[in-house]
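Read the structure below first, then the notes.
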Amino acid sequence: MGGDTIKVVHTIRDMQSHSRRLRQDGQRIGFVPTMGYLHEGHLALMRLAQAHADAVVVSIFVNPTQFGPNEDFAAYPRDLDRDCRLAEKEGVAVVFTPEAEAFYPPNYQTYINLEALPRHLCGVSRPGHFSGVATVVAKLFHCVTPHAAVFGQKDYQQLAVIRQMVADLNMDIEIIGAPTVREPDGLAMSSRNAYLQPEQRPAALSLHRSLIQAKQAVAAGTRNVSTLITAARVEILAHPQTEVDYIEICNPVTLDSLETVTGPALMALAVKVGQTRLIDNMLLTD
Ligand code: PAF
């Protein structure tokens with residue numbers, strides 16, 4: 001893949017007219033929304049988009065409306081030149097990188113709020129986060145007008161929110177979930193991993209380890225959710241600098257908490273390792 005020079009589009013109008021041309025030429029548009037600082041996980045999303053489309057558009061936009069007041073918006077890692085080179089190597093046709101002032105002008109007023117899904121998991125400790133995500137993704141969809149869009153399953157709740165929004169608002173866009181890409185040691189890839197100090201690595205790995213242990217326990221017959229969660233908490237808190245935000249076992253569709261594992265069950269967790277908030281999840285049943 002690759003070879004052609006990538007097109008970098010900064011304005012909403014240019015993106016819309018470029019997409020219009022692609023559609024007029026009969027091209028199927030695949031879309032990968034990102035906040036940049038691309039890693040192997042993003043590249044896997046791009047490859048999946050290529051498989052479902054003729055032209056792939058990647059957006060790079062650190063969206064202010066999905067960060068809380070005490071979160072890492074200002075510190076979020078950014079490197080547009082490197083990102084464009086990586087996207088170009090993957091054969092991406094367009095990088096769309098709008099200005100925040102153009103996306104959210106001073107009189108901006110419209111937000112998308114889902115009723116139930118944000119009441120769970122990350123939505124509890126990050127109020128407004130999923131409104132920010134749904135809103136920016138809807139806006140990006142209107143700029144890029146994709147036929148298909150790819151989101152990682154690492155952000156499981158985000159994927160659920162996007163699927164729900166697309167269904168509720170009758171958007172004619174295929175949403176594709178991509179499996180989580182992990183480092184060789186099991187750490188789920190994330191741009192925020194760049195914040196981790198080497199000595200925090202074992203603590204960061206305890207998220208994945210605790211998920212695997214829970215899955216094994218379920219396979220061995222453990223059904224009680226509080227037993228499974230306690231074991232995960234013990235595993236994680238055995239490491240210094242860890243603070244559990246949540247560990248939940250829930251219905252994979254509604255995200256409602258479960259008390260026993262009798263059918264499909266998702267284990268999801270969010271843990272702070274030092275100042276870095278990490279999330280991960282795993283289906284406990286096949
Ligand atoms: O997953 C992300 O990187 C962001 O939440 C997204 C989907 C690009 C919206 O800003």
Side-chain angles (χ1 to χ4, degrees), residues 9 12 15 29-46 48-49 56-68 71-80 82-84 86-87 92 94-100 102-104 108 110-114 117-118 121-123 125-144 146 148-166 169 171 173-181 188-195 268 270 276-281:
V9 175
I12 295 164
M15 186 66 244
I29 303 172
F31 180 41
V32 181
T34 81
M35 297 204 299
Y37 214 68
L38 302 178
H39 52 66
E40 192 54 41
H42 294 115
L43 305 186
L45 303 184
M46 293 173 204
L48 195 55
V56 172
V57 178
V58 171
S59 64
I60 295 178
F61 180 63
V62 184
N63 171 38
T65 66
Q66 69 188 75
F67 288 81
E71 294 184 352
D72 56 344
F73 173 68
Y76 198 85
R78 293 157 167 94
D79 191 340
L80 183 61
R82 178 179 160 276
D83 287 349
C84 288
L86 287 171
V92 166
V94 178
V95 164
F96 174 46
T97 171
E99 299 294 335
F103 237 42
Y104 299 109
Y108 189 84
T110 307
Y111 291 88
I112 293 177
N113 291 301
L114 283 82
L117 286 171
L121 308 179
C122 290
S125 53
R126 304 188 73 190
H129 170 69
F130 288 109
S131 173
V133 169
T135 301
V136 79
V137 170
K139 284 169 68 64
L140 290 165
F141 282 173
H142 283 116
C143 298
V144 176
V150 184
F151 294 83
Q153 285 165 355
K154 198 209 90 183
D155 296 296
Y156 189 98
Q157 188 173 15
Q158 168 170 284
L159 176 59
V161 162
I162 302 302
R163 284 193 196 285
Q164 187 72 43
M165 173 184 79
V166 164
L169 298 182
M171 295 177 172
I173 301 170
E174 182 188 0
I175 302 300
I176 301 163
T180 301
V181 179
M189 289 206 183
S190 163
S191 305
R192 290 194 169 96
N193 292 352
Y195 301 145
T276 308
R277 187 175 182 279
L278 300 173
I279 58 171
D280 206 344
N281 68 79

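Atoms within each ligand, like the ligands themselves, are counted from 1 in listed order. The structure displayed is predicted, hence computed values, not measured ones.
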Could you tell me, atom by atom, which parts of ligand 1 come under 4.0 Å of a heavy atom of [X]?
{"X": "T34", "answer": "8 (C)"}
{"X": "P33", "answer": "8 (C)"}
{"X": "Q158", "answer": "1 (O), 2 (C), 4 (C), 5 (O), 7 (C)"}
{"X": "V136", "answer": "9 (C), 10 (O)"}

Query - Cation-pi check, K139 onto Y108 ring (under 6.0 Å, within 45° of axis) - result: no

Requested in this report: Give me the ring orientation class for F151 and F141: parallel if the planes are under 30° apart, tilted from 30 to 60°, perpendicular past 60°.
Outcome: perpendicular

**Report entry** D79: salt bridge (charged side-chain N to carboxylate O under 4.0 Å, His left out) partners, not counting sequence neighbours
**Finding:** none

Report task. Please identify each residue that fulfils side chain to side chain contact (heavy atoms under 4.5 Å, CB included) with E99, with sequence neighbours left out. Result -> E101, A102

Query raised in the report: What protein heavy atom sits nearest atom 9 (C) of ligand 1, and how far off is it?
Result: Q66 OE1, 3.3 Å

Query raised in the report: With a 6.0 Å cut-off on ring centres, are Y76 and Y37 close enough?
Result: no

